[in-house]
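Right, one structure below, let's go through it.
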Amino acid sequence: GSPVIMDTGKPELRSRSRRDRRQGDVAPLRSSMQRWSAAASAGVGATTASTSCEHVTRVVQRTGAKVVWTTAPTWRPVYNPALFMGKPPYAEARLGRSDRYNAVPAGVVGVVPNVTLLDLARYMRGQPGGEFSPNLRTDGVHLTLESTDRVAADFLGPWIVAVGRT
């Protein structure tokens, strides 16, 4: 899951230079997200993962943005050397990894007010052919160009607009 940072409508935030936006609270954001993401999906350091995810959420909220997390669907990578993939087994596809990862933002939603969690994993499981349909994810991980548009138009877009209106 990734945070979706929506426009706050505040001109002072939009007008800052790219360099200025990297300063202050934004600079540690990437490392915090990487730390909680890796710990959560590996199933180690649950406290660190939750603390880092909560920190990222609060930092983004301080900008006036609304935070929307999505759950991560299960991965089932299909080996394809043309995609420069290593040979299986893949750590990302271990049983329960997505569930451990998804527990972290779900826990933050229960602790930090005004945060939304969209269940992308459940949406994808409900698609024709299921979450591993070749029409959805040909490699078992990445959405196809067509399914990206469909997921954005039918699921993510309407939800993000609804959150933005609250």
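Residue indices begin at 1 and follow the sequence shown.
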Checking Lys66 against Ile160 for the side-chain contact (heavy atoms from CB on, under 4.5 Å) test, could you report, in this order, the C-alpha distance in whole Å, the side-chain angles of both residues, the deciding distance, and whether it holds? CA-CA 10 Å; Lys66 295 181 179 185; Ile160 290 170; over 6 Å; no
For Pro158 versus Ala152, what's the shortest heavy-atom pair and its separation? CD-O, 3.8 Å
Heavy-atom donor-acceptor pair, Gln127 side chain to Tyr123 backbone, under 3.5 Å: yes
Which residue pairs satisfy the side-chain hydrogen bond (donor to acceptor under 3.5 Å, both in side chains) criterion with at least one member in residues 103-119, sequence neighbours excluded? Thr71-Asp119
Val59 vs Glu54, side-chain contact (heavy atoms from CB on, under 4.5 Å): CA-CA, chis, key distance, verdict: CA-CA 9 Å; Val59 166; Glu54 184 177 330; over 6 Å; no
Flag the pair Glu146 and Arg150 as a salt bridge only when some basic side-chain nitrogen lies within less than 4.0 angstrom of an acidic carboxylate oxygen. no
Are Phe132 and Tyr101 co-members of a hydrophobic cluster defined by side-chain heavy atoms under 4.5 Å apart? no
Could you walk me through whether Leu136 and Leu143 pass side-chain contact (heavy atoms from CB on, under 4.5 Å), step by step? CA-CA 6 Å; Leu136 190 60; Leu143 295 171; 3.9 Å; yes
Would a hydrophobic clustering, with Ile, Leu, Val, Met, Phe, Trp and Tyr connected at side-chain separations under 4.5 Å, put Val141 with Leu120? no
Flag, side chain of Thr57 to backbone of Cys53, donor-acceptor distance under 3.5 Å: yes
Arg122 atom CZ: more than 12 heavy-atom contacts under 6.0 Å: no
To the nearest 0.5 Å, what is the distance between CG on Asp154 and CH2 on Trp159? 14.0 Å
Residues forming a side-chain contact (heavy atoms from CB on, under 4.5 Å) with Ala93, sequence neighbours excluded: Pro77, Tyr90
Could you tell me which non-hydrogen atom of Glu131 sits nearest to which non-hydrogen atom of Pro73, and how far apart they are? OE1-CB, 3.6 Å
Output for pair (Asp139 CG, Asn80 CG), nearest 0.5 Å, gives 8.0 Å
Partners passing side chain to side chain donor-acceptor pair (under 3.5 Å) against Arg125 (at least two apart in sequence or in another chain): none
Qualifying residue for side chain to side chain contact (heavy atoms under 4.5 Å, CB included) with Trp75, from His142, Arg137, Arg97: Arg137
